[in-house]
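Worksheet: the structure to be examined is printed underneath.
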Amino acid sequence: MVVTGRAGLLAALGVVFVAVLMPSWGGVGLVVAAVLLVCVVDLLLAGSPRRLQLSREGDTAVRLGERAVVTMLVANPGRRVKGLLRDAWPPSAGVQDPPHKVDLPNGDRRRFVTHLIPTRRGDRHAYRVTIRSIGPLGFAGRQGSHQVPWTVRALPPFNSRKHLPSRLARLRELDGRTALLVRGQGTEFDSLRDYVPGDDVRSIDWRATARRGNVVLRTWRPERDRQVAIVIDSGRMSAGRVGDAPRLDHAMDAALLLAALATRAGDRVSLLACDSEVRADVRRPAPEDVLPSFVNALANVDAELVQTDFRVVVSQVLERLGQRSLVVLLTGLDPAVIEESLLPVIGPLLRRHVVVLASVADPRLAEMELERSDLIEVYGAASAARTRLDRERVTAVLTRAGVTVVDEAPDQIAPALADTYLALKKAGRL
């Protein structure tokens, strides 16, 4: 028997008095009255869960899939409380612990630890703490709840960070910190060296060649302090699942790798997540704050089941960028959306900036094209082939318009986008 609040206690006392005052019940009534009386006594002797003083401390942010630890500090200023404590969180918070056993004498303080492994990005708020105090006889108890606010933010996991060391090594080559130096239009002059067969003849310094008597080349290093705007489409195309996660999550992972690489290259990086309205906006943070600000801004961004308004996207990008910049648009390659919504409005963006469109391809389509053992699979293979041809056609249209297209599987989109950025740096297009 568990009673919550004073109303429940008064109801139990009323039942006892009714049982005692009704002689028609006879011996049964006396037995019921005795049992209820014992329960009431047990309730009166049980410590009050509502008098407990609760507070929290611990982690406020954790990467998705990793463990967060939140500690509950419970102080008891009243009668001894013995029973159970349940720290309630939403299911996606991933609570790992069963209800805690409580035994708090008067004046004592204890810590109770709750382990969380969130299964979804975003803020996870503690619901309430419920404590059940059992009387010394074990027949009845009292129950009360406390609101003890706490929030744990589940951040994007950034699984693609494993590709960062290899791309940084290539960046060091481009940046002239190794023996390899490259030439690109619009880059900084670095030094002179002798001509080697296969070098670009456009890099020959004819005055130095005349002075030295042998062919001499200029070497160049990529320019720094360029602007890189990463734009994530958070509309309905990003809601579809590819592999074990939505397209939006794969796009975020690619964006974080590119942001880390571009920051190390000395470029200024900004972030925009948008569909019919802006969902996240990070403008030119300090280099040391790029990744923290990006993961915090993206933590609560979810795919919205609305059609992305690319007029809004293009206007927002043009408003934020002044000088010539690299604009990376992470979206889908849906032919209807690209041809009807993006291509008619992308012209002003292409005239002023270098545009890269990155899309997450579904590797299941390639598998479906090869499965033709029965009639259903033949139809599926035909549909997959048609989808592939449509994507190739829209890729060709975008390429002719001046857009660099990166269309890769989920596990390859992040490194492929980073390689595209390095290739643009090497060619001097930034």
Side-chain angles (χ1 to χ4, degrees), residues 1-5 42-43 45-159 161 244-245 249 252 256 291-302:
M1 176 179 176
V2 177
V3 173
T4 58
D42 212 19
L43 284 174
L45 295 178
S48 172
R50 298 183 182 276
R51 295 191 61 188
L52 297 178
Q53 300 170 353
L54 285 73
S55 60
R56 293 185 190 267
E57 59 185 23
D59 297 329
T60 56
V62 64
R63 292 197 181 276
L64 188 66
E66 297 181 359
R67 175 172 293 190
V69 179
V70 179
T71 302
M72 177 86 62
L73 180 61
V74 183
N76 183 17
R79 188 184 295 116
R80 178 181 182 180
V81 174
K82 184 177 182 180
L84 296 175
L85 179 149
R86 181 175 180 268
D87 189 5
W89 292 73
S92 56
V95 175
Q96 303 294 301
D97 306 286
H100 302 282
K101 293 183 179 180
V102 178
D103 190 356
L104 283 172
N106 173 259
D108 198 6
R109 303 174 67 181
R110 300 281 174 85
R111 294 178 182 270
F112 300 93
V113 178
T114 300
H115 299 89
L116 310 172
I117 302 181
T119 57
R120 291 181 57 189
R121 287 182 294 101
D123 291 340
R124 298 293 168 258
H125 304 284
Y127 179 43
R128 64 184 178 188
V129 180
T130 302
I131 302 170
R132 179 172 294 179
S133 175
I134 306 300
L137 301 177
F139 281 91
R142 303 168 66 181
Q143 182 169 299
S145 296
H146 297 257
Q147 297 293 337
V148 190
W150 195 260
T151 301
V152 174
R153 173 165 290 186
L155 305 172
F158 193 15
N159 295 321
R161 62 181 177 272
D244 59 352
D249 287 24
M252 289 181 179
L256 292 176
L291 282 180
S293 60
F294 275 31
V295 295
N296 274 289
L298 293 173
N300 286 312
V301 175
D302 290 318

Does any N or O in the side chain of [X] come within less than 3.5 Å of the main-chain N or O of [Y], such that one atom is a donor and the other an acceptor?
| X | Y | result |
| --- | --- | --- |
| Arg161 | Pro157 | yes |
| Asn296 | Ala299 | no |
| Asp123 | Asn300 | no |

Supply the atom-to-atom distance [X] [atom1] to [Y] [atom2], rounded to the nearest 0.5 angstrom.
| X | Y | atom1 | atom2 | value |
| --- | --- | --- | --- | --- |
| Arg153 | Leu64 | CZ | CG | 13.5 Å |
| Leu52 | Leu73 | CG | CG | 11.0 Å |
| Leu104 | Ile131 | CG | CD1 | 8.0 Å |
| Asn159 | Leu256 | CG | CG | 10.0 Å |
| Leu155 | Arg63 | CG | CZ | 6.5 Å |
| Arg132 | Leu85 | CZ | CG | 12.0 Å |

Got a list of side-chain donor-acceptor pairs under 3.5 Å for residues 105-113, not counting sequence neighbours?
residue : atom : partner : partner atom : Å
Asn106  : ND2  : Pro77   : O            : 3.1
Asn106  : ND2  : Gly78   : O            : 2.7
Asp108  : OD2  : Arg110  : NE           : 2.9
Asp108  : OD2  : Arg110  : NH2          : 2.8
Arg110  : NH1  : Asp103  : O            : 3.0
Arg111  : NH1  : Glu57   : OE2          : 2.5

Give me the atom names and distance for the closest heavy-atom approach of [X] to [Y].
| X | Y | answer |
| --- | --- | --- |
| Met252 | Pro156 | SD-CG, 4.4 Å |
| Ala93 | Leu116 | O-CB, 3.5 Å |
| Ser133 | Pro49 | CB-CD, 4.1 Å |
| Pro118 | Ala154 | CB-CB, 3.7 Å |

Could you walk me through whether Ile134 and Lys82 satisfy the side chain to side chain contact (heavy atoms under 4.5 Å, CB included) test, starting with their C-alpha distance in whole Å, then the side-chain angles of each, then the deciding distance to 0.1 Å, before giving a yes or no? CA-CA 6 Å; Ile134 306 300; Lys82 184 177 182 180; 5.8 Å; no
Salt bridge (Lys or Arg N to Asp or Glu O under 4.0 Å) filter on Arg124, not counting sequence neighbours, yields none
What residues, two or more places apart in sequence or in another chain, satisfy side chain to side chain contact (heavy atoms under 4.5 Å, CB included) together with [X]?
| X | value |
| --- | --- |
| Thr119 | Ser92 |
| Arg56 | Val70, Met72, Asp87, Trp89, Ala126, Val129, Val148, Trp150 |
| Leu84 | Lys101 |
| Pro292 | none |

Heavy atoms of other groups near Arg86 CZ, more than 12 under 6.0 Å: no
Just checking, is any N or O donor in the side chain of Gln147 or Arg128 under 3.5 Å from an acceptor N or O on the other one? no
For the residue pair [X] and [Y], establish whether any side-chain heavy-atom pair is separated by less than 4.5 Å.
| X | Y | value |
| --- | --- | --- |
| Thr60 | Thr151 | no |
| Ser48 | Arg142 | yes |
| Leu298 | Arg121 | no |

